[in-house]
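Because the structure is a prediction, the values reported are computed rather than measured. Note on naming: letters A, B, ... go to the chains in the order of the sequence lines (proteins, then strands), and numbering restarts at 1 for each one.
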Amino acid sequence: MTLPSYKDSMVSVDCQVLDVDYVLLQEKPVVRIFGKTRDSQTVCAFYDQFSPFFYVDREDAIEMLKEEPQVQSVQKIKRKLVMGYQQERAVWKVTLQNPAKTPEVRQRVLDAGFKVYEADILFKYRYMSDHGVKGMDWVRIEGGTTNTNTVRSKIMLSAKSVEPIVCYDDVPLRVLSFDIECVATKEGTVPEAKYDPVVMISLVFSEPFQGSDSLVLATRPGAGVHPCADEKELLEEFNRFINEYDPDIITGFNINNFDLPYVFERMAKCGVRAVFGRCTTKQALSKKIGITYRNSVTGRVIADVFQLVKKDFMLKRYSLNAVSEDLLGEQKEDVKHSEIGKYYRGDAAQFEKLASYCRKDSLLALDLLLKKKLLDKYIALSKVSGILLQDSLSGGETTRIENFLLREFNRKGFIFPLKPQDKTIGNRESRQRKELGGGFVIEPVRELHSNVAVLDFKSMYPSIILSYNICPTTLIIGDEKIEGALKPPGTANFVPPEVRKGIIPGILKTLLDDRGKVKKKLRKIQDDNLYRVLYAKQWALKIMANAFYGYLGYARAVIYNLDIANAITASGRESIKFTAKTVQEKYGLPVVYGDTDSVFVKMKDEDFDKIEQKATEICTDINTQLPGVMELEFEKIFKRFLPLAKKRYAAWKFEHTEDGWKESIETKGIETVRRDWCPLVGEVVAEVLEILLKEQDIKKAVTYVKGIVIDLNEGRIPINKLIVTKTMTKAGKSYKGIQPHVELVKKMEARSPGEAPGVGDRIPYVIVRGSQLVSHRAEDPVYIQEHGLPVDATYYIENQMLPPLERIFDVLGVDRMELLGNGRQMGLLDILKKNKKPQGPREIPAAEFNGFMCKKCSAFFEQVPLSGACTCGGALLFSSPKGPGEVLVR
DNA sequence: TAATGGTAGGGGAGGAAAAAGTCTACATAT
DNA sequence: TAGTGATATGTAGACTTATTCCTCCCCTAC
């Protein structure tokens, strides 16, 4: 790279920050800011007036620092330490030259026994924090225009200054969605990047590119396809088209863990450099982290729709097809994974079909990203916290909070300690498990209640932090006596705001006030785009405000303090207990439930307005007795409230809106909202609750249940309503026990290696008839249909349908006998008894015989394998569509 | 060359442990 | 009255069969 040369004209450019990094120029760092102007021009600004630095605690470190060639200067300054209320002290600011060398110097200083501060902050964030530059926020760059061929950007500036400016809206981002297809060289295997080439790549554009909205590259000519001579050319063209289209966002479905790593490996194999970022020299990076990858491309942002949907939507399944169906009402094109090779090598029509399939996948990913506005939240979070959009998308809460805190603490003259080391983390975790208490849950009064008012604390933990001035910087160390000290329950005491205002309370106040302002503004906004931006902003403000408590009690946090975390939760427990006690003793109203920050009060009135009035009155009274700014407020009315257990209830809810009282059914924790039950259970439980809560007609509900059970028993329920899904949270072998979804994955792995689901996937399964453990009878629904395996109706009645329903009816005083006993038709108990029978030996009538089933693993065979036994070694049984018999095949 | 906010709580499935039946051999009483 | 066999009853130990308890796992509430 050449030194950016000043031209005489000085310009001022406003842009939104997309990415920041640095490069070395003659051993000195140059910060690069990639952005986009209001009229969608790309900008890259270079800033070379900033050097890395850290702090050291003692003067005698200077001696050894003199020996370090990296050290440019050491300067004595005054700073405050974060942990504990203490005054300013002297520290020595050590300025270095090359950011990449900081870890080495840091280590040597640490080894010499000194304390070091802020020596592990990424250089780009060091720069952004010190200059008030935030990801996706607006800056005004002033400087001379310059030119270099090292970056791809319309405007290039050698920046004299970069200042944050206030601007709410967002520049439209240009998005590229892509999808690759590869073909296994060996028939019947799954493609592996090590051996098998990429044969097709589809690109779909959010803004028309060269008059088209999509493009398919392939290593074979065909209708509507951009042909390439070989894979190398295909990959080069991929690079070229990305750079010509110049997207801000690169998206696709599961690109982070499949398409991108695959492409990178193929590029390496083919000798193609992966330079499709806005830097012409830096290659795109793909880091393997355990079994997942983290990818980055300079100047652009990678957004994987699969990961975003998984984080933001609670769905039962996350395949592209399932997600598209649920969120867009659309389907993928019908090409099986295993048939891609066949279609690619097939006739013109088949090849065309493959191209269309490939294009559709990219299109669906793009549609999901845009129509579901998947980026809005992350853009807002970036703006609030300051981190880059890429990190907002792929990082967790810690990154955001830490970046945010660093800025605020630095501004007030505090310096950060280093990130904790593994040993410290271990110690913290083991102590924490024993000592950190959480919220208090009031034992529910298990019966059907009427007219229950729900009162809850507004932003409970943030308001506790504000009320007690809770902050590491106000924590009183040891037994120091401070006038007017604030003492929440527990061991931690804090200086009052008159002595020192806590940084975190300050931040929270701003966040909450800002949110109030944004919400107010939101009511008047007509413009759709601005509404979206502001809505996301108020959401992000809420998320950030609520995250501080969790962060303080997180063992890997830089600013961690168990006593402080405990002070917050203990205070919460005290407040809810006090509230419940007051409501019961002073007002004589029973508290029938409550969880962490809410109290459910059984009211005497029937009329909603009267209930609200009385509840509000109670809140006002209690608020005068609560510490600081803590505020209890009336939230909603449950006309009927049916608590089943702690954290499990159903209610007929009425909320006061502008248009009067709005009703709905609310269920918490029970099977209707859980994803690890089959859909049938969810539907039936929902229907039963609706009947019970609104009509209070137990008989009707029971009759309804009986009908469903009979349908189930007689095989009239479609199989897709019986599919249970569970997440595979770790590798199969690291499970200690036996579990249905894990066993099924093992089975699928044995049937077709490579195609089975893996860690992190949700596994759908149905329980089939048989005599082994339930877990061994979990089967792939597709496999069941292909092989005509019998569903275990008894399992679905006894283990899926009945337990949740019994729990509900039990609270209403309907016992199992009443639920199952004789009605006009055959009672359910009789059905169950009858059902139990076929577990024993069963003869298979010749007419029904359709194959053989393994006694051990339930694998199905149309013909007896040559070995005479199942592949697992188990014996084979004659079988019919109704299930296996007991006669062994010998 | 890894990054990861918190605790409380319900409930299913499996498996181990404890408890309750069942069987058997033997002793004793009638 | 003592000895004998049939029968009933009691009891300890071996073995089998439900129950109960605990752990792991998943997912949710807040």
Sequence-distant partners of A:Lys721, salt bridge (Lys or Arg N to Asp or Glu O under 4.0 Å), two or more places apart: A:Glu683
Distance-only polar pair, side chains of A:Tyr378 and A:Asp312, donor-acceptor under 3.5 Å: yes
B:dG12 OP1/OP2 closer than 4.0 Å to side-chain N/O of A:Asn799: no
Crowding at NZ, A:Lys287 (>12 non-hydrogen neighbours, <6.0 Å): no
Interface residues of residues 430-445 of chain A with DNA chain C (non-hydrogen, below 4.0 angstrom): none
A:Tyr735-A:Thr729 side chain donor-acceptor pair, cut-off 3.5 Å: yes
Touch class at under 4.0 angstrom, heavy-atom based, for A:Thr569 against every strand present: nothing
Nearest-Å distance for atom pair OH/P, residues A:Tyr293 and B:dT1: 18 Å
Length of the CG-P vector between A:Leu393 and B:dA3, whole Å: 16 Å
Touch class at under 4.0 angstrom, heavy-atom based, for A:Pro803 against every strand present: sugar-phosphate
Atom pair CH2 (A:Trp652) and CG (A:Leu692), whose distance is rounded to the nearest 0.5 Å: 12.5 Å
Separation of B:dG10 P from A:Arg446 CZ (nearest whole Å): 7 Å
Sugar-phosphate, base or nothing in reach of A:Leu552, heavy atoms under 4.0 Å: nothing
Nucleotides 24-30 of chain C: protein proximity per nucleotide (B base, S sugar-phosphate only, - neither; heavy atom, under 4.0 Å): SSBBSBS
Side chain to side chain contact (heavy atoms under 4.5 Å, CB included) partner of A:Ser575, chosen from A:Ile622, A:Leu626, A:Asp597, A:Val599: A:Leu626
Side chain to side chain donor-acceptor pair (under 3.5 Å) partners of A:Thr672, counting only residues at least two apart: A:Thr667
Atom-pair distance (CG on A:Asp810; C1' on B:dG10), nearest Å: 15 Å
Pairwise P distance, B:dA3 and C:dA29 [rounded to whole Å]: 31 Å
Donor + acceptor pair across side chains of A:Gln432, A:Tyr560 (<3.5 Å): yes
Give every pair of a protein N or O atom and an N or O atom of nucleotides 16-20 of chain C that lie under 3.5 Å apart, one pair per line with the distance.
none

Listed partners of A:Arg126 passing salt bridge (Lys or Arg N to Asp or Glu O under 4.0 Å), at least two apart: A:Glu118, A:Asp130
Pairwise C1' distance for C:dC30 and B:dA2, with rounding to whole Å: 30 Å
A:Ser775 side-chain N/O to B:dG14 phosphate OP1/OP2 under 4.0 Å: yes
Atom pair distance, as rounded to whole Å: CD1 in A:Ile808 and C1' in B:dG10: 14 Å
Centroid-centroid distance, A:Tyr649 to A:Phe600, less than 6.0 Å: yes
Interatomic distance, A:Ile401 CD1 vs B:dA3 P [rounded to whole Å]: 18 Å
Spacing between A:Tyr461 atom OH and B:dG5 atom C1', to the nearest angstrom: 13 Å
A:Ile401 CD1 to A:Met544 CE distance, which is reported to the nearest 0.5 Å: 4.5 Å
Value in whole Å for how far the P atom of B:dT7 lies from CZ of A:Phe548: 19 Å
Salt bridge (Lys or Arg N to Asp or Glu O under 4.0 Å) between A:Arg769 and A:Glu779, intermediate numbers included: CA-CA 10 Å; A:Arg769 216 180 289 168; A:Glu779 192 45 87; over 6 Å; no
Sugar-phosphate, base or nothing in reach of A:Phe457, heavy atoms under 4.0 Å: nothing
